[in-house]
Amino acid sequence: MGKIIGIDLGTTNSCVAIMEGGEPVVIANAEGARTTPSVVAFSKSGERMVGQVAKRQAITNPDRTIISIKRDMGTDRKINIDGKDYTPEMISSMILQKLKADAEAYLGEKVTQAVITVPAYFSDAQRQATKNAGTIAGLEVLRIINEPTAAALAYGVDKEQAQKIMVYDLGGGTFDVSILDIGDGVFEVMATNGNTRLGGDDFDDRIMKYLIDEFKKSTGINLANDKMAMQRLKEAAEKAKIELSGMTTTNINLPFITADAEGPKHLDVTLSRAKFNELTADLVEATMVPTKKAMNDAGLTPEKIDKVILVGGSSRIPAVQEALKSFINKEPHKGINPDECVAVGAAIQGGILGGDVTGLVLLDVTPLSLGVETYGGIATKLIERNTTIPVKKSQIFTTAADNQTSVEVHVIQGEREMAADNKTLGRFHLDGIPAAPKQVPQIEVTFDIDANGIVNVSAKDLGTGKEQKITITASSNMSKDDIDKAVADAEKFSAEDKKRREGVEIRNNAEQLIYQSEKSMNEMGDKLTDADKAPITEQIEKLKETLKGNDSTAIKADTEELQKRFYKIAEKIYAQQQPQGNVAQDQGEPQQQNADGNVTVDDYKVDDND
Amino acid sequence: MKKEKNDSTEKELQENPEKCTEEVTPEIPKPEENPWQNQFIRLAADFENYKKHAKTEKDACYINAKVDAVATLLPIIDNLERALAAAAADDSPLKQGVEMILQQTTQAFETLGVTAVGQEGEPFDPEIHNAVLHCEDETLEANVIAQVLQKGYRLGDRMIRHAMVKVAN
């Protein structure tokens, strides 16, 4: 069975989406755009164009370019091109074919089934016409759903309890508002209203008009007569509108916009969001009238609305959102791209129909990190929180003491840096490790969480192959509150925990260095003179003394000092081991000087004297 | 020897593609028989496709970033050109200097593989031109570019910006 695509067949723009791995994905068209203009054109040579390419040639070929065909769906209108009559269904099917082809290119397989959206106010005839368009395009239309319903699906509101939702859809050229009653997965359209000739373009026009007026005021030149200038203004106006959704002021800067006898003229206007709101206040108000009407028709008062969902690019305009907020007294829902959310909802509906969504393998995540306690009480995480399960991870550990024949695996859950602050899930011992110096044995610890959240922890001595394991089924017995608390604690104590962990690590480093230094000195015993050994043993004693206390800084300083002293004799040992060592040493000397910074300092001195 | 063997395998593949496909196509269980297995295979297929898309998208990332960056710079170049056009009658060293700056930009674009598109007199092609104006002009043939209002730019096959043009007749 192939994929079911979801299509938002819009008046000005269309969009196609699909469920992929349980998530809706918007498919970009061949040109790389995520929405496709609903424009169809026939070139003079009879070639058919759909989308952006048709839009770009529209002005050269107005008789053979069809825009906003959606407005004619369900009517008897015929469009005659080269003696052939095309119905609105046929034109719409060409847009659908393009979307289908783009989806097929993305998926690499044939697409035969679709869910298509229509406005809530569409009549049966209009719905049938839309379905026919799908059939002509070679798509089996599994369902025609209302655009507001699709938007609500995209926001997942069907999964929540019964509620009343307002869907406010302000697109490029049309405005629709719908009130939905949702309960038990049933969507009922209580009321719908709108304005078929109101959209984002009207907002652009207001900015353009303002720019023309401002320019006329300062220069006396009317740009409205200059077609080239108007093109630039149009682009700049749209850009300014978009910018004012994110910023409170924007600068419209069009150098050399025109020229008069005195020379070139530039347009440089700063437009504030406040001014923009003032210019477009009546447009916003014009959307509120149908909104209030729809509320009345539904017999609802604003406080009865549980949620407001924003659809259409122009719903991003802050003044629109504020107007809605002050009317409904609730923050409108945002999050899903308003240009895409109808197509996303259609894809979700397709997923439900195809069994992709309902029977989906619900992939869970681990709510908290899992790990083991390592030397010094540190929590070493093997699986980070929010990792999708099933998952399996391993890490190699070793022993902390010489001749250690058993290790304890303390399995912990939580975000804190120290094991003691986290929750213990279980403990077990791996015995029978052959006696060896510390840090030689290799113990592989493996965490394996299956799809049901059951954790298997095993520890294996790679030397002998001996293995021990534990199965923890209680890992998910923490309530949501417990989990939230654990995460919050980890954040709260993060600085403190980090310090403690660092303290332990400094201590571990110190102990390890003492061990190594002593071991090396024993091994190299006869190659070293007492004079060589003295500063090291002295420092080891000093560090051991410091370790009795808890001063991390002192431990760190003493460790570094020991390291330094130890390196000196280490160099000596290596030099002795190599008979030709002298040459190497000679070469090495200047390098060392460099490292110490002597040469550099001298250079600076010379400079200073100058 | 080895090479020969490879060749023959390849030949076999070409000659008998159906046979090979048959072998590699996994048997898809009927959903009612084993829904879990079915779901697993679908998810596995989804994942395979996802990996392919991820790779394509990753490859496109560099080009997209380049196109975006160049597109942001284009209005500056347009305005430099407008500045020069406004000073058409001028012959000062200042203007010459500005012309050199513009030339430098063109060279920089060439290094990036970015080329300008849109010439007056060439036939209108909506793949590279964006028609915003239309005029009747008897001296020109039908559907040719009467005026380039704003140059277009492309990076290889990818249009960065379509040339904004006035089309005749």
Side-chain angles (χ1 to χ4, degrees), chain A residues 1-3 18-23 25 27-28 31-32 39 41 43-45 47 49 51-62 65 105-109 226-232 234-236 239 253-259 263-266 354-356 358-361 363 451, chain B residues 28 31 35-36 38-40 42-50 52-53 56-57 60 63-64 67 75-76 78-90 124-135 142-147 149-150 152 158-159 162-169:
Chain A
M1 193 173 77
K3 291 269 192 176
I18 190 126
M19 292 302 282
E20 196 168 55
E23 294 277 332
V25 177
I27 298 173
E31 296 81 31
V39 182
S43 76
K44 278 160 192 148
S45 53
E47 194 192 343
M49 292 170 274
Q52 276 145 340
V53 65
K55 201 177 171 186
R56 283 196 295 271
Q57 58 81 61
I59 200 160
T60 70
N61 191 20
T65 304
Y106 175 83
L107 290 168
E109 60 178 290
D226 182 342
K227 286 185 174 167
M228 173 65 208
M230 287 295 278
Q231 278 304 324
R232 289 178 70 191
K234 200 175 158 188
E235 262 179 34
K239 192 168 157 250
N253 181 325
L254 297 170
F256 302 98
I257 188 81
T258 189
K265 290 274 178 281
H266 315 302
D356 231 359
T358 44
L360 194 78
V361 192
L363 290 177
Chain B
I28 298 165
W36 280 98
N38 181 44
Q39 204 131 41
F40 168 73
R42 290 179 67 176
L43 196 64
D46 263 355
F47 182 61
E48 273 309 305
N49 284 325
Y50 170 76
K52 280 178 224 155
H53 296 150
T56 327
E57 271 165 28
I63 298 285
N64 289 344
V67 165
I76 303 170
D78 297 335
N79 286 328
L80 257 181
E81 282 172 350
R82 288 190 185 107
L84 283 173
D90 194 346
F124 171 70
D125 174 3
E127 295 292 345
I128 60 169
H129 302 129
N130 180 21
V132 295
L133 295 173
H134 186 248
C135 68
N143 224 27
V144 300
I145 308 298
Q147 193 189 349
L149 303 172
Q150 197 177 63
R158 203 35 207 281
M159 287 307 294
H162 293 81
M164 200 199 278
V165 297
K166 185 196 233 173
V167 181
N169 309 315

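Source: prediction; values computed, not measured. Here is how names work: the chains are called A, B, and so on, in the same order as the sequence lines, proteins then strands, and each is numbered from 1.
- A:Pro264 pairs by the side chain to side chain contact (heavy atoms under 4.5 Å, CB included) definition with A:Phe256, A:His266, B:Ala86, not counting sequence neighbours.
- The side chain to side chain contact (heavy atoms under 4.5 Å, CB included) check on A:Glu23 picks up nothing, with sequence neighbours excluded.
- Using a 4.5 Å cut-off on side-chain heavy atoms (C-beta onward), A:Arg232 and B:Arg82 make contact.
- Looking at A:Glu235, only its side chain comes within 4.5 Å of chain B, counting heavy atoms on both sides.
- Minimum heavy-atom separation, A:Lys3 to A:Met19: NZ-O, 2.8 Å.
- Using a 4.5 Å cut-off between heavy atoms, B:Met164 touches chain A through its side chain atoms alone.
- Contact annotation for A:Met49: only side-chain heavy atoms (C-beta onward) come within less than 4.5 Å of a heavy atom of chain B.
- The candidate with the highest count of non-hydrogen atom pairs below 4.5 Å against chain B, out of A:Ile59, A:Val53, A:Asn61, is A:Ile59.
- Contacts between B:Asn143 and chain A at a heavy-atom distance below 4.5 Å involve the side chain alone, from C-beta outward.
- Here B:Leu149 is the residue among B:Leu149, B:Asn64, B:Val165, B:Asn169 with the most heavy-atom pairs under 4.5 Å with chain A.
- Residue A:Leu254 holds its CG atom at 7.5 Å from CG of B:Asn79, rounded to the nearest 0.5 Å.
- The shortest heavy-atom contact between B:His129 and A:Arg56 is O-CD, 3.5 Å.
- Neither the backbone nor the side chain of B:Phe47 comes within less than 4.5 Å of any heavy atom of chain A.
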